[in-house]
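This report refers to the structure that appears directly beneath it.
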Amino acid sequence: MTPEATTPLAPARSHRERYDHTATEQRWQARWEELGMHRTDLRDETRPKYYLLTMYPYPSGDLHIGHWSIKVPTDAIARYRRMHGYNVFFPIGFDAFGLPAENAAIKSGVHPATWTFANIERMRGQLRSMGATFDWNAELITASPDFYRWNQWFFLKFLEKGLAYRAMAPVDWCPKDLVVLAREQVEGVERRCWRCGTPVVKRDLEQWFYRTTAYADEMLEYRDLDWPEPIRTMQRNWIGRSEGAEVAFVVAPDSVQPGGHEIRVFTTRPDTLFGATFLVLAPEHPLVDALTQPERREEVQAYRHESRRKSEIDRLATDREKTGVPLGSEAINPISGERVPIWIADYVLLGYGTGAIMAVPAHDARDFAFAQRFELPIRRVIAPRGQEDAAVEDAFVAHTPDEVLVDSGRFSGMPAPEGARAINEALEADGKGTGSVTYRLRDWLVSRQRAWGTPIPVVYCQAEPSCGIVPIPEDQLPVLLPEDYEFRPQGGNALESDERFVRTPCPRCGGAGRRETDTLDTFVDSSWYWWRYLSPHEDDAPLDRELVARWCPVDQYTGGAEHAVMHLLYSRFFAKALADLGLINEREPFRRLFNQGQILGEDGERMSKSRGNVQDPDELVQRFGADTVRLFLMFMKPWEADAPWSATGIGGVDRFLKRVWTVVLDPHGQEGGESDDPEHAVGIEPEAGGRELLRLAHRTLRDVSELYEGYRFNALIAKLMELTNGFMRARGTAVAGSAEWDESIRLTLLMLAPLAPHIAEELWSRRLAEAGQEWRSVHLESWPSWDPALVVEDTIELPVQVNGKLRDRVTLPMGISQADTERAVMDREKVRANLEGKEVVRVIHVAGRLVNIVVR
RNA sequence: GCCGAAGUGGCGGAAUGGCAGACGCGGCGGACUUAAAAUCCGCUGUCCGCAAGGGCAUGUGAGUUCGAAUCUCACCUUCGGCACCA
């Protein structure tokens, strides 16, 4: 027991030591480091493994409060899992390639590497100040050659496997600066270049792709994955599988061309084929030139030019007025033999389906709007049974079981699904159509016309005769980035003008060659980094197969929902591709996913340097300590919620930790103004007080354990506050310092340890010292278990409603029978008053929850 | 526009079919102090009422249910993503 126990009611205020957060946090961080407590022995087989991954930061220069709000609760999970006996691996690294480093280089002339590595150095210090248990031994930096060489290696493997290929694709191009622009460098609805304001145009370039569509179907499965449903829905919609048919329309001969070209369209509704009254091609469709009548040429050219200036979002907006032009030629409906006009319109995209559609205005909203605008025929071919003669007022797209085909030749009268099948069969028999599946998902365009990224390891042979595109042999990797660059003020790819980089012999024939100057998308780095964490310095292979087999998939991944479709799909693609290359066994990367919310700037906007609303935690850490900042971030909102930043309220969390400090170190003290009446202690009776406190501690432990599992940190901290308020009430009474008090304090420190690791460690060590026990870190202790006997209540308070309105509350002994409960309820004065003159129709009695009396 | 999510006191939020507002901030009152700060204790959704008590209340409108913040539909607002920001 504590020495103060001899003078229980002495006002201890003046004796109480102030908590020095700065010194304490530094001391314990140094001690943990010295003991190597967070270095994971990946070969330890004595404990179950737990791979905890949090999205690695981009080294923008400053760690802001948003980074803390991702990483701090994740660290609490790491500590909580360790207390449950898991061997936790919790690595950290830096997503170090990307545009901001190039922008900095353009602006100030420093090499992107210099800027990036200086930022990393600074951020390492800030990350350490959190007191998080990152395993720094596993640190990885994507811009370092020992990481990016394996991007190159995977590229070569994908090329061999046919998972990487080259094709034309449009990019945003500034015609004045002659550079490719990133999306964020195109500004406003006018789509102007961010540097010179020139309207941006699309330009087609040869680009590298990864064949993500090869796994489209498999990515629709989520076998054994515990992922949030909204994320899965977004991914499913993004992949956008639709089943239907490809139908061939043949171009009719006319005065300027002989006809015979085949236009293939994709449709999900072959049953509506008789209602196809015109065709629409994407403006970029390869047949447009051949099918344009001379008198239409000028108009068609103008329209194609205009559509190339638009973004895809604009083109697909359904509320926008439809635009388009006719080519002047016609095609033949393969089932009705009718001639239909051919148009181009920007709401049809070349990259989706076949880049051409059959328009069925009666049964598609966009086609309907288009037909109305240009006065094209609208023919109804599907109708609810019994309403076959109603007029067409709007596109009818509903799918009800009793839709039938109308005005569809011999198919009329068939139910819609049967009609679709029959029409498909008829087309197939004629060689004019085939069942087909289309995806909205496109292959991943991985090449970037930028200097600060992974160089793509191929050479363009310039010898005569040329060997063409030659992959660089594996044993010549890595292709290193130059150590200096010449950045032009308007941007663009600095590698292109670096002759030392570009000129290289052809690896096949030894003749002249030009190196590829495109680099890989930074999403390539983030698609496999968690495997590399397990062997970040391995020279012979991208990953350690044995360790990956033991540690993967990742047990828990935490990060922002903004990555729902791109990063998280690319990662799944990589898992499947690497499994098919025989490099790994598991086909999914992350078993459980959690998306935390974002902390926005004080203005409610996303935090970014350019907006100037970035919140720096360093000052708060200095003033309150890391523990208070950690706790406040977890307390201020549910982890998954977005919220603008405000430090209002941090004082409350700070006071909470100080109260914990007080009740642990000074249980017998009293504050001025505090009553010394023992009746104000937790229990109803003073002699039961100790037990009441212990019961409260055990109930808290039960609730907190459950809340930890669901990452409900804000609610969990509220529970710990309630418990601490219990201690405060009992402080200075006979309960303080009792065996029950002491045990309750022990539980409190264990529950607090994952959240506020420094102060918990400090108080834990002092308890041990006082008890004359040898020091052992609180973070090496096991999570305690609650005693079921201590959490049971002996009475329940039952709300009583009359017609759903709360009228009374009745306290009853636990375990009372249903009949006795109802008798007791009916006997209540307030209940009787409310029932007077009314007839009881029904009594709804939810055992242990409430009684609701329905009256008339 | 399309896909996904959210909307509860003065503020952050709790309650996911059963007592709306836990916990905290702020505010008010009190204790301690020569005083202030710090600390501690109490009260605090709103309207009517001296009170007992009652009415209203979870973005808006409808619905399901004995009972809805919670489920369903429509609408409004805000946030994330829309393929070269990461």
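For the numbers below, each heavy atom of this structure counts, side chains included, while hydrogens, waters and symmetry mates do not. Chain A is the first sequence line, chain B the second, and so forth, proteins listed ahead of strands; every chain is numbered from 1.
Here A:N803 lies out of heavy-atom contact (under 4.0 Å) with every strand. Residue A:R807 is classed as a sugar-phosphate contact, given heavy-atom separations below 4.0 Å to backbone atoms only. Using a 4.0 Å heavy-atom cutoff across all strands shown, A:V846 reaches at least one base atom of the nucleic acid. Within the nucleic acid shown, A:L441 comes within 4.0 Å of at least one base atom, counting heavy atoms only. Here A:V653 lies out of heavy-atom contact (under 4.0 Å) with every strand. At a threshold of 4.0 angstrom between heavy atoms, the contacts of A:R236 with the nucleic acid are absent. Looking at heavy-atom distances under 4.0 Å, A:S646 makes no contact with the nucleic acid at all. At a threshold of 4.0 angstrom between heavy atoms, the contacts of A:R450 include nucleobase atoms, whether or not backbone atoms are also involved.
With no hydrogens or angles considered, a side-chain donor-acceptor pair links A:W444 and A:D521 at under 3.5 Å. If you check the side chains of A:Q235 and A:Y222, you find a donor sitting under 3.5 Å from an acceptor.
Across B:A22 and B:A35, the matching P atoms stand 34 Å from one another, rounded to whole Å. The C1' atoms of B:U72 and B:G9 are separated by 28 Å, rounded to the nearest whole Å. Comparing the C1' positions of B:U65 and B:C82 gives a spacing of 40 Å, expressed to the nearest Å. Only the P atoms considered, B:A37 is 15 Å distant from B:C32, to the nearest whole Å. B:A6 sits 15 Å from B:G12 when the C1' atoms are compared, rounded to a whole Å.
Each of B:C3, B:C85, B:G13 was ranked by its minimum atom distance to the side chain of A:P100; first place goes to B:C85. Listed candidates were B:C19, B:A86, B:C84. Nearest to the side chain of A:D95 is B:A86. Ranking B:C3, B:G24, B:G67 by closeness to the A:M721 side chain, first place goes to B:G24.
A:Q598 meets the side-chain hydrogen bond (donor to acceptor under 3.5 Å, both in side chains) test with no other residue; sequence neighbours excluded.
Applying the 4.0 Å criterion to OP1 and OP2 of B:C84, one finds that A:R448 has a side-chain N or O inside that range.
When the P atom of B:G18 is taken as reference, atom CD1 of A:I796 falls 16 Å away, rounded to whole Å. Look at NZ on A:K310: it is 20 Å from C1' on B:A83, rounded to the nearest Å.
With a 3.5 Å limit on both pairing distances and Watson-Crick or G-U wobble geometry required, the stems of 3 or more pairs in RNA chain B span B:1-7 with B:76-82, B:10-12 with B:23-25, B:26-31 with B:39-44, B:45-48 with B:53-56, B:59-63 with B:71-75.
The residue among A:R712 and A:L806 whose nearest nucleotide of RNA chain B is located toward the 5' end is A:R712. Annotation: of the two residues near RNA chain B, A:M636 and A:R842, the 5′-most nearest-nucleotide partner is A:M636.
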